[in-house]
Amino acid sequence: MKKSVISFLSLTLLTLFLCASGAAAVQFVNVTTGPTGGTYYPVGSAMAKIWTDNIEGLKASAQSSGGTMNNIQLLADGEAEAAFADGLYYDAYNGLKSYEGKPQSFLRAAVPLYPEAIHLLAARDSGIETLQDLKGKRVAVGAVGGSTMLTAFQLLHLAGLDPEKDIVPENLGHADVVAAFADKRIDASVTIGAIGIASAMETTTLGTAYLVAIPQDVVENICKETPYFSPLTIPEGTYKNQAKAIGTFSSPNILAVHEKLDDELVYRMTKALFEHKEDLVAVSARMSAMNPESIAHVGIPVHPGALRYYKENGILR
């Protein structure tokens, strides 16, 4: 009888040990994205599903956030292992502008996503045709301290305007911009997003705003000042009533990871995303621009795990 009890207890303890060992083997990855109404969150959720379904022992989840600046802080605080980041990642890593004196040197690039165009929108009947026409106007420039605001102010400086004196800055998000144009509360907006972004699509479709081109010399200068920017043309007819191509520039966004994330895991995460790219495109057509070749232009170190993938495919040396 005693022997049976001992055997039962031994078996129970062995089972509990195996279960505990299995539980310990599970690794959790949290990818922080952006507001729920944007592109980042649904795409991030799709990434988490791809990883969970295709990487044994991995449980991934997506977290909504306030955007790139918030995401970088979450990585720094150890509350996320991966994060969506727009061009602000370059300043963060190098300790530039709003990150002066506090470089976020833990940042590593894993996957290039898609370019985000800078859209200069002007209110219907505003008469705005050039950057200089923004003088004295109410201009939406995104969240306080955010990457959109930083880019908008840089753009205005290059056009010879003082953003703190020559315009009335309005700190509005994408949805607020649509409403503000409709209510005639703003004269213009600097909006950063993939071509076809909802706020530009809605305002041009409603006829409350139109696109204004950024002069080529300004584009060249801003790309010199900020290496991660590159010239971009928004093709004719992309937006309602857009009769001609619009010259502007773009900011890349990437999937960034913390430098401490395991090399093998990052390799598998990177590989899984490219192998299941069609699942991401099904969530957002913008992800069709996710090309491995773009990794060469990110401007910060590539994580060793991701680097292995790009070397295997002849993209990086």
Side-chain angles (χ1 to χ4, degrees), residues 30-35 38-41 44 63-118 139-159 161-164 169 171-174 190-193 218-219 221-230 249-261 266 294-304 306-307:
N30 181 37
V31 55
T32 182
T33 58
T39 301
Y40 283 177
Y41 181 70
Q63 174 184 345
S64 62
S65 73
T68 299
M69 187 170 286
N70 187 196
N71 292 348
I72 292 172
Q73 189 61 53
L74 289 169
L75 278 178
D77 294 341
E79 296 182 26
E81 291 70 40
F84 281 59
D86 62 21
L88 190 63
Y89 70 80
Y90 180 87
D91 290 344
Y93 176 81
N94 290 288
L96 302 173
K97 298 177 184 175
S98 61
Y99 287 94
E100 185 174 356
K102 45 185 178 181
Q104 308 296 294
S105 55
F106 60 84
L107 284 171
R108 295 292 183 271
V111 178
L113 302 179
Y114 53 86
E116 294 192 311
I118 283 67
V139 184
V141 294
V144 176
S147 54
T148 298
M149 182 174 177
L150 294 173
T151 299
F153 280 19
Q154 183 182 7
L155 185 61
L156 291 166
H157 275 301
L158 287 172
L161 299 175
D162 184 338
E164 296 181 356
N171 298 111
L172 303 175
H174 293 303
V190 176
T191 297
I192 301 179
V218 174
V219 170
N221 287 332
I222 204 166
C223 290
K224 286 179 183 177
E225 284 189 1
T226 309
Y228 60 77
F229 285 148
S230 58
F249 58 100
S250 67
S251 169
N253 55 41
I254 66 170
L255 179 72
V257 295
H258 199 287
E259 64 177 346
K260 293 182 179 179
L261 200 57
V266 176
S294 300
I295 194 67
H297 307 294
V298 298
I300 67 171
V302 178
H303 189 284
L307 184 60

Least distance between heavy atoms, N94 atom then P103 atom: C-CB, 4.2 Å
D86-S251 side chain donor-acceptor pair, cut-off 3.5 Å: no
Min side-chain heavy-atom separation M149-P169 under 4.5 Å: no
Parallel, tilted or perpendicular: ring planes of F249 versus F229, cut at 30 and 60 degrees: perpendicular
P252 versus Y89, closest heavy-atom pair with distance: CG-OH, 3.8 Å
Considering all heavy atoms, the nearest Q63-E79 contact: OE1-O, 4.2 Å
Separation of L155 CG from L150 CG (nearest 0.5 Å): 12.5 Å
Heavy-atom side-chain contact between V111 and I254 under 4.5 Å: no
Nearest heavy atoms of T32 and A80, plus distance in Å: CG2-CB, 3.9 Å
H258 side, atom NE2; L74 side, atom CG - distance, nearest 0.5 Å: 11.5 Å
Name the atoms and distances for all side-chain donor-acceptor pairs under 3.5 Å in residues 294-303, with sequence neighbours left out.
from: H303; atom 1: ND1; to: G305; atom 2: N; distance (Å): 3.0
from: H303; atom 1: NE2; to: L261; atom 2: O; distance (Å): 2.8

Derivation and outcome, side chain to side chain contact (heavy atoms under 4.5 Å, CB included), residues N71 and F84: CA-CA 7 Å; N71 292 348; F84 281 59; 4.2 Å; yes
E81 backbone acceptor or donor facing N30 side chain under 3.5 Å: no
Between CD on residue Q154 and OG1 on residue T226, distance to nearest 0.5 Å: 3.5 Å
N/O donor-acceptor pair under 3.5 Å between N253 side chain and A85 backbone: no
Intermediate values then yes/no, side chain to side chain contact (heavy atoms under 4.5 Å, CB included), E116 and T39: CA-CA 11 Å; E116 294 192 311; T39 301; over 6 Å; no
Y41 OH to S65 OG distance, which is reported to the nearest 0.5 Å: 10.5 Å
Set of side chain to side chain donor-acceptor pair (under 3.5 Å) partners for T191, sequence neighbours left out: S189
Interatomic distance, M69 atom CE to Q104 atom CD [nearest 0.5 angstrom]: 10.0 Å
Closest contact, heavy atoms only, A83 versus V31: N-CG2, 4.2 Å
Shortest non-hydrogen contact between A92 and I72, atoms and distance: CB-CD1, 3.6 Å
Evaluation steps, side chain to side chain contact (heavy atoms under 4.5 Å, CB included), between L75 and L107: CA-CA 8 Å; L75 278 178; L107 284 171; 3.7 Å; yes
Criterion side chain to side chain contact (heavy atoms under 4.5 Å, CB included) on Y99 and L88, from CA distance to verdict: CA-CA 9 Å; Y99 287 94; L88 190 63; 4.0 Å; yes
Main-chain N/O of G87 paired to Y228 side chain as donor or acceptor, under 3.5 Å: yes
